[in-house]
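Worksheet: one structure, shown below.
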Amino acid sequence: MSFKTNKEFFVSWEEFHRATRELALRQLPADQWKGIIAVTRGGLVPAGILARELNIRYIDTVCISSYDHDSQRELKVLKGAETSDGEGFLVVDDLVDTGETAKAIREMFPKAKFVTVYAKPQGSPLVDEYVADVEQDTWIQFPWDMQLNYIAPIAESEA
Ligand SMILES: O=P(O)(O)OC[C@H]1O[C@H](OP(=O)(O)OP(=O)(O)O)[C@H](O)[C@@H]1O
Ligand SMILES: [Mg+2]
């Protein structure tokens, strides 16, 4: 499935950090968690921030690759986590969009709490908790996918 839209939502490191700390605040008390499972790769960044804020040192990964095949999105689990049903674990991803990844996560870890930083409407019902809503037709640009660039003054780009 290809995603074609002109609408973009640019997220800075500061904003991502702030939103993820807000997510951490909602996961108290911290001692209810056996550990965190990060959904690679996007979930690795919020997992590090959550682990720091909640003082959690047990961090596992579930490694998922999704790709286009005959215009249908296929999900492949490259590596699972060391828990049978996810009980007591916080599973974290950067966002939920169509919800396809979330469905796979729910099947793998039915007893875990699944949280994301951002959620689009199609996927948001599949997440237990998230911080910010983003419209379905908007592409979220994360800070690790961007760099600072020079831009010409507005006056110079006239005519
Ligand atoms: O709700 P969905 O439509 O499934 O989309 C959400 C998933 O897509 C992105 O990962 P992606 O597959 O791009 O891989 P990455 O995390 O390795 O960048 C994002 O990090 C979520 O895991
Ligand atoms: Mg991902």
Side-chain angles (χ1 to χ4, degrees), residues 1-28 30 32-54 56 59-69 71-146:
M1 186 184 76
S2 66
F3 192 105
K4 292 196 176 71
T5 179
N6 293 326
K7 286 166 77 177
E8 288 175 296
F9 175 58
F10 291 91
V11 181
S12 68
W13 283 111
E14 286 77 9
E15 175 51 22
F16 191 84
H17 192 187
R18 188 209 61 77
T20 310
R21 290 186 72 195
E22 167 69 33
L23 187 63
L25 193 64
R26 299 188 202 168
Q27 311 314 318
L28 296 173
Q32 71 186 294
W33 306 114
K34 290 180 190 161
I36 291 172
I37 300 171
V39 183
T40 68
R41 295 163 301 179
L44 290 166
V45 184
I49 298 166
L50 289 182
R52 190 270 179 182
E53 295 303 333
L54 300 173
I56 292 171
I59 304 169
D60 203 348
T61 53
V62 55
C63 304
I64 291 182
S65 111
S66 26
Y67 54 94
D68 293 326
H69 179 66
S71 85
Q72 189 152 30
R73 196 161 183 263
E74 270 185 38
L75 264 164
K76 215 172 167 183
V77 179
L78 306 175
K79 177 201 156 293
E82 285 183 18
T83 164
S84 54
D85 56 11
E87 188 167 13
F89 281 87
L90 206 49
V91 182
V92 61
D93 208 348
D94 52 356
L95 84 142
V96 64
D97 188 326
T98 64
E100 287 306 308
T101 306
K103 274 183 214 156
I105 292 297
R106 287 245 171 257
E107 274 176 33
M108 291 175 80
F109 312 112
K111 293 191 174 166
K113 181 172 181 183
F114 181 49
V115 299
T116 63
V117 184
Y118 298 96
K120 300 190 192 180
Q122 223 179 303
S124 61
L126 293 158
V127 188
D128 291 310
E129 197 152 36
Y130 65 93
V131 177
D133 292 281
V134 176
E135 288 176 11
Q136 196 66 45
D137 64 354
T138 298
W139 186 259
I140 305 170
Q141 296 286 14
F142 286 112
W144 51 88
D145 288 328
M146 295 187 288

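Worth knowing before you read on, the calculation uses all heavy atoms, side chains too, and leaves out hydrogens, waters and symmetry mates. Here the structure is a predicted model, which means the values were calculated and not measured.
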Quiz prompt | Pairs touching residues 75-101 that satisfy ring-ring contact (aromatic ring centres under 6.0 Å, His included), sequence neighbours left out | solution = Tyr58-Phe89
Quiz item: Can you list the residues that meet the salt bridge (charged side-chain N to carboxylate O under 4.0 Å, His left out) rule with Arg18, with sequence neighbours excluded?
Solution: Glu15
Quiz prompt | Minimum heavy-atom distance between Asp93 and Gly43, given as atom pair plus value | solution = OD1-N, 3.4 Å
Exercise. Just do the side-chain contact (heavy atoms from CB on, under 4.5 Å) check on Thr101 and Phe114 with the steps written out, would you?
Key: CA-CA 11 Å; Thr101 306; Phe114 181 49; 5.7 Å; no
Exercise. Could you grab the distance from atom CD of Glu82 to atom NZ of Lys34, nearest 0.5 Å is fine?
Key: 13.0 Å
Quiz prompt | Heavy-atom closest pair, residues Leu75 and Ser66 | solution = CD2-CB, 3.9 Å
Quiz item: Which value, rounded to the nearest 0.5 Å, describes the distance between Ser65 atom OG and Glu74 atom CD?
Solution: 9.5 Å
Exercise. Have a look at Pro46 and tell me which of Val131, Val92, Leu95, Val115 forms a side-chain contact (heavy atoms from CB on, under 4.5 Å) with it.
Key: Val92
Quiz prompt | For the student: nearest non-hydrogen atoms of Ser124 and Val96, plus distance | solution = N-CG1, 4.0 Å
Quiz item: Who are the ring-ring contact (aromatic ring centres under 6.0 Å, His included) partners of Phe16, not counting sequence neighbours?
Solution: Phe142, Trp144
Exercise. Start with the C-alpha gap between Asp133 and Lys120, add the side-chain angles, then the distance that decides, and say whether side-chain contact (heavy atoms from CB on, under 4.5 Å) holds.
Key: CA-CA 6 Å; Asp133 292 281; Lys120 300 190 192 180; over 6 Å; no
Quiz prompt | Counterpart residues, salt bridge (charged side-chain N to carboxylate O under 4.0 Å, His left out), relative to Arg21 (two or more places apart) | solution = Glu53
Report, one line per pair, each donor and acceptor closer than 3.5 Å where one atom sits in a side chain of residues 102-111; sequence neighbours left out.
{"unit_1": "Lys103", "atom_1": "NZ", "unit_2": "Glu100", "atom_2": "OE2", "d": "3.0"}
{"unit_1": "Arg106", "atom_1": "NE", "unit_2": "Leu126", "atom_2": "O", "d": "3.1"}
{"unit_1": "Arg106", "atom_1": "NH2", "unit_2": "Leu126", "atom_2": "O", "d": "3.1"}
{"unit_1": "Arg106", "atom_1": "NH2", "unit_2": "Asp128", "atom_2": "OD1", "d": "3.0"}
{"unit_1": "Arg106", "atom_1": "NH2", "unit_2": "Asp128", "atom_2": "OD2", "d": "3.0"}

Quiz item: Looking at residues at least two apart in the chain, or sitting in another chain, which of them share a side-chain hydrogen bond (donor to acceptor under 3.5 Å, both in side chains) with Asp85?
Solution: none
Exercise. Can you measure from CZ (Arg52) to OG1 (Thr20) and round to the nearest 0.5 angstrom?
Key: 13.0 Å
Quiz item: Under 4.5 Å between any side-chain heavy atoms of Lys79 and Asp60, yes or no?
Solution: yes
Practice problem: For Asp94, enumerate each residue passing the salt bridge (charged side-chain N to carboxylate O under 4.0 Å, His left out) test, keeping only those at least two apart in sequence or located in another chain. | Solution: none
Quiz item: Considering all heavy atoms of both residues, which atom of Asp97 and which atom of Gln122 are nearest to each other, and what is their separation?
Solution: O-CB, 3.5 Å
Exercise. For Ile56 and Leu50, run side-chain contact (heavy atoms from CB on, under 4.5 Å): C-alpha distance rounded to whole Å, both residues' side-chain angles, the deciding distance at 0.1 Å, then the answer.
Key: CA-CA 8 Å; Ile56 292 171; Leu50 289 182; over 6 Å; no
Practice problem: With sequence neighbours excluded, tell me which residues meet side-chain hydrogen bond (donor to acceptor under 3.5 Å, both in side chains) with Glu22. | Solution: Arg26
Quiz item: For Ala30, what residues pass the side chain to side chain contact (heavy atoms under 4.5 Å, CB included) criterion, not counting sequence neighbours?
Solution: Leu28, Leu54
Practice problem: Only counting residues at least two apart or in another chain, list the ones meeting side chain to side chain contact (heavy atoms under 4.5 Å, CB included) with Ser84. | Solution: none
Self-check item: Minimum heavy-atom distance Pro125-Pro121, with the two atoms named
Solution: CD-O, 3.3 Å
Self-check item: Partners meeting side-chain hydrogen bond (donor to acceptor under 3.5 Å, both in side chains) with Gln32 (sequence neighbours left out)
Solution: none
Self-check item: For Phe9, all residues meeting side chain to side chain contact (heavy atoms under 4.5 Å, CB included), sequence neighbours excluded
Solution: Val11, Tyr118, Val134, Thr138, Ile140
